[in-house]
Amino acid sequence: MKKPLLNFLMIDDLLRAAIREDVNGEDVSTQAVSERGTTCQVDLICKEDGVLAGIPVFMRVFELLDSKVSFDFSVEDGASVKKGQILGSVIGSVETLLTGERVALNYLQRMSGIATYTRKMVDALGDDRTKIVDTRKTTPLMRPFEKYAVRIGGGENHRYNLSDGVLLKDNHIGMAGSVTAAVTQARRYAPFVRKIEVEVETMEMVQEAVDARADIIMLDNMTIEEIREAIAYINGRAMVELSGNISMNNIHEYRGLGADVISSGALTHSAPVLDFSLKGLRKI
């Protein structure tokens, strides 16, 4: 799998804000017990089995505190990691290591948890034809990290934000008056390079979306029987996305239906963190 890239021009400000949240003056505990500037090394240890995601972010937190910090890691994002595994170490001043520890771990744990959950979802679906994608149901100010983690776990990304694509949901359709009106108005307004996606809930809406020449039709909260009927009717005239309360508990039910995409907010809003710790701090 080609690894996705993180835009550090975008995330550095977010990381700095997270650091400021955790220390807005001095790290009182560290200053109380350590000699300033002492060079130390500490190990990153995995405490659960899962999929690693966020090592570049973990490293960047320390780099923003001190450009002289260095790392020695034996794994990279996307690797399967095991409980008790030592993944590598961080070398730097004691202030840098202890001040950055919690923030760096918070990002790594959250991102690895999402990657692990995504990998489980992809494996449970077991359908190479259908892509599993995320949604905009992300933690505020965590979207670049969480969507990156989905990619690392083997999923793909839906639109990044409201400026990234046209998706006409129930309230848009209600405002426009009908599926046909919403699609027609969106096609007139949006640049020709933008695809038009519309959310539907009934077969009548499916038929209207096809007639309106929507590029993507999202079947929202439909039963398996309704999905089969809708996909047969669409018959390749639009891409098909399935959505609505799809999680690890039921993802297997959607295997082999012939959908192009399954979107799941659970990838980002329901994934538990994967636990890591920094242990064995020693002077060098």
* Asked: Step by step, would you call Arg228 with Glu225 a salt bridge (charged side-chain N to carboxylate O under 4.0 Å, His left out)?
  -> CA-CA 5 Å; Arg228 292 186 191 279; Glu225 292 72 22; over 6 Å; no

* **Side-chain heavy-atom pair Thr118, Val51 within 4.5 angstrom cut-off** => no

* Asked: So, Tyr254 versus Asp127: side-chain donor-acceptor pair below 3.5 Å or not?
  -> no

* Asked: Should Leu65 and Glu95 count as side-chain neighbours, where that means a heavy-atom distance under 4.5 Å?
  -> no

* Asked: Are there more than 12 heavy atoms of other residues, nucleotides or ligands under 6.0 Å from atom CG of Asn245?
  -> no

* To do: Flag the pair Glu201 / Met218 as yes when at least one side-chain heavy-atom distance between them is below 4.5 Å, and no otherwise.
  => no

* Regarding Glu208 and Thr180, is there a side-chain donor-to-acceptor distance under 3.5 Å anywhere? -> yes

* Any donor-acceptor N or O pair under 3.5 Å, side chains Glu241, Ser263 -> yes

* Basic-acidic side-chain contact under 4.0 Å: Arg129, Asp260 -> yes

* Asked: Residues two or more places apart in sequence or in another chain: which of them pass side-chain hydrogen bond (donor to acceptor under 3.5 Å, both in side chains) with Arg102?
  -> Asn106

* Which class fits the ring pair Phe58 and Phe62: parallel under 30°, tilted 30 to 60°, perpendicular over 60°? -> perpendicular

* Asked: Honestly, is Arg110 close enough over Phe145, meaning NZ or CZ under 6.0 Å from the six-membered ring centre and within 45° of the axis?
  -> no

* **Atom pair OG1 (Thr202) and CD (Gln207), whose distance is rounded to the nearest 0.5 Å** => 8.0 Å

* **Pairwise side-chain contact, Ile55 with Phe73, heavy-atom cut-off 4.5 Å (strictly under)** => yes

* To do: Could you tell me which non-hydrogen atom of Met222 sits nearest to which non-hydrogen atom of Val206, and how far apart they are?
  => CE-CG2, 3.8 Å

